[in-house]
Trainee: 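First the structure, then my questions, so here it is.
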2 protein chains.
Amino acid sequence: MDADKVFKALGDPTRRRLLDLLCEKNGQTLGQLCENLDMARQSATQHIDLLEAANLISTVKRGREKLHFINPVPLHEVYERWVRKFERQRLSLLHDLKQELEGDDQ
Amino acid sequence: MDADKVFKALGDPTRRRLLDLLCEKNGQTLGQLCENLDMARQSATQHIDLLEAANLISTVKRGREKLHFINPVPLHEVYERWVRKFERQRLSLLHDLKQELEGDDQ
DNA sequence: TTGACATGCAGGTATTTACCTGCATATTAT
DNA sequence: ATAATATGCAGGTAAATACCTGCATGTCAA
């Protein structure tokens with residue numbers, strides 16, 4: 001997983017909207033997705049290219065249409081690498097903070 | 001949670017490094033963090049400001065020092081909103097794809 | 001108090017990003 | 001074949017981003 005590409009791809013509301021749209025109905029065409037976006041088709045294509053580069057979606061050509069499918073694997077890897085690791089700290093946060101404030105930084 | 005701020009904050013290698021550094025040792029000062037960064041202190045401060053705005057870290061002043069603590073809550077919310085939702089699709093992806101390729105789009 | 005130290009604040013610049021318009025190509029239907 | 005449709009490709013611009021330098025402020029220690 002390329003964490004940089006994945007997080008940058010997720011760091012834009014249009015691209016998150018695209019993922020939500022595909023979550024509602026997988027396999028939509030570019031035209032269908034654009035109907036929900038309020039921007040030029042060409043702009044949407046650029047967003048989709050970034051999602052593809054991050055491997056968050058896959059596309060298939062069918063005739064003159066381009067179908068789009070979600071790939072949830074990178075999101076799972078984000079979870080493994082960036083969520084689980086820091087969740088373990090969750091309970092100890094207040095403890096650490098209190099210690100530091102008390103100057104007890106052994 | 002402001003998903004935009006959180007994902008944009010995570011979409012930069014320096015800021016992810018800062019989170020990793022704080023995961024190794026919570027409560028570090030700005031100076032300590034900068035020793036591991038290879039950029040001007042002022043640049044690091046700007047990265048930290050974004051992490052704070054995304055609520056991914058909290059800071060406390062102790063004398064002339066500024067201590068930094070990880071806040072894992074937004075990461076957990078990212079998981080709830082952006083990982084679990086799409087994980088459910090995981091098993092059905094190949095199914096959807098096959099159906100579309102066969103033109104069986106009922 | 002004075003010097004050293006940790007951090008804050010205010011611009012300045014080069015790159016990246018998110019849009020756009022215009023035109024080209026490829027596929028389908030008449 | 002021709003027209004309509006779906007998408008691809010090539011720039012162009014304004015805003016955001018990630019750095020930097022220079023200087024100011026606040027804290028500690030001698």
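Numbered from 1 within each chain, the chains take letters A, B, ... in sequence-line order.
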Trainee: Is there a donor-acceptor pair closer than 3.5 Å between any side-chain N or O of Asn36(B) and the backbone N or O of Leu21(B)?
Mentor: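 Not a single qualifying donor-acceptor pair exists.
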
Trainee: Measure from the side chain of Asp12(A), starting at C-beta and using heavy atoms only, and say which of dC20(C), dT7(D), dA18(C) lies closest.
Mentor: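 Selected nucleotide: dA18(C).
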
Trainee: Do Leu19(B) and Leu10(B) have side-chain heavy atoms sitting under 4.5 Å apart?
Mentor: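 A side-chain contact exists here, since the closest heavy-atom pair is under 4.5 Å.
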
Trainee: Check this one for me: any side-chain N or O of Lys61(A) less than 4.0 Å away from OP1 or OP2 of dT7(D)?
Mentor: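 So the side-chain polar atoms of Lys61(A) never come under 4.0 Å of the phosphate oxygens OP1 or OP2 of dT7(D).
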
Trainee: Ignoring hydrogens and angles, state whether a donor on the side chain of Ser58(B) or Glu52(B) is under 3.5 Å from an acceptor on the partner side chain.
Mentor: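 No.
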
Trainee: State, to 0.1 Å, how close His68(B) and Thr59(B) come at their nearest heavy-atom pair, and which atoms those are.
Mentor: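 Distance-wise, the nearest heavy atoms are CD2-CG2, 3.4 Å.
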
Trainee: Name every residue in residues 29-38 of chain A that has at least one heavy atom under 4.0 Å from any atom of DNA chain D, in order of residue number, or write none if there are no such residues.
Mentor: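 By residue number: Thr29(A), Leu30(A), Gly31(A).
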
Trainee: Counting heavy atoms from C-beta on, name the nucleotide in dA18(C), dG8(C), dG8(D) closest to the side chain of Arg15(A).
Mentor: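 Comparing dA18(C), dG8(C), dG8(D) against the side chain of Arg15(A), the answer is dA18(C).
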
Trainee: Taking OP1 and OP2 of dC19(C), is either one under 4.0 Å from a side-chain nitrogen or oxygen of His47(A)?
Mentor: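 Yes, because at least one side-chain N or O of His47(A) sits under 4.0 Å from OP1 or OP2 of dC19(C).
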
Trainee: Nearest to the side chain of Arg64(B), which nucleotide is it out of dC28(D), dC20(D), dC19(C)?
Mentor: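 That would be dC28(D).
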
Trainee: If each of Lys8(A) and His68(A) is mapped to the nucleotide of DNA chain D with the nearest heavy atom, which maps nearer the 5' terminus, i.e. the 5' end?
Mentor: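 Upstream on the strand: His68(A).
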
Trainee: Determine the interplanar angle of the Phe7(B) and Trp82(B) rings, folded into 0 to 90°, and report it as parallel if under 30°, tilted if 30 to 60°, perpendicular if over 60°.
Mentor: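 Ring orientation, 0 to 90° scale: perpendicular.
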
Trainee: Looking only at the side chain of Lys66(B) (C-beta and beyond, no hydrogens), which of the listed nucleotides dC19(C), dC20(D), dT7(C) gets closest?
Mentor: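 Per side-chain heavy atoms of Lys66(B), the pick is dT7(C).
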
Trainee: Heavy-atom count check: over 12 atoms from other residues, nucleotides or ligands less than 6.0 Å from Lys5(B) NZ?
Mentor: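 No.
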
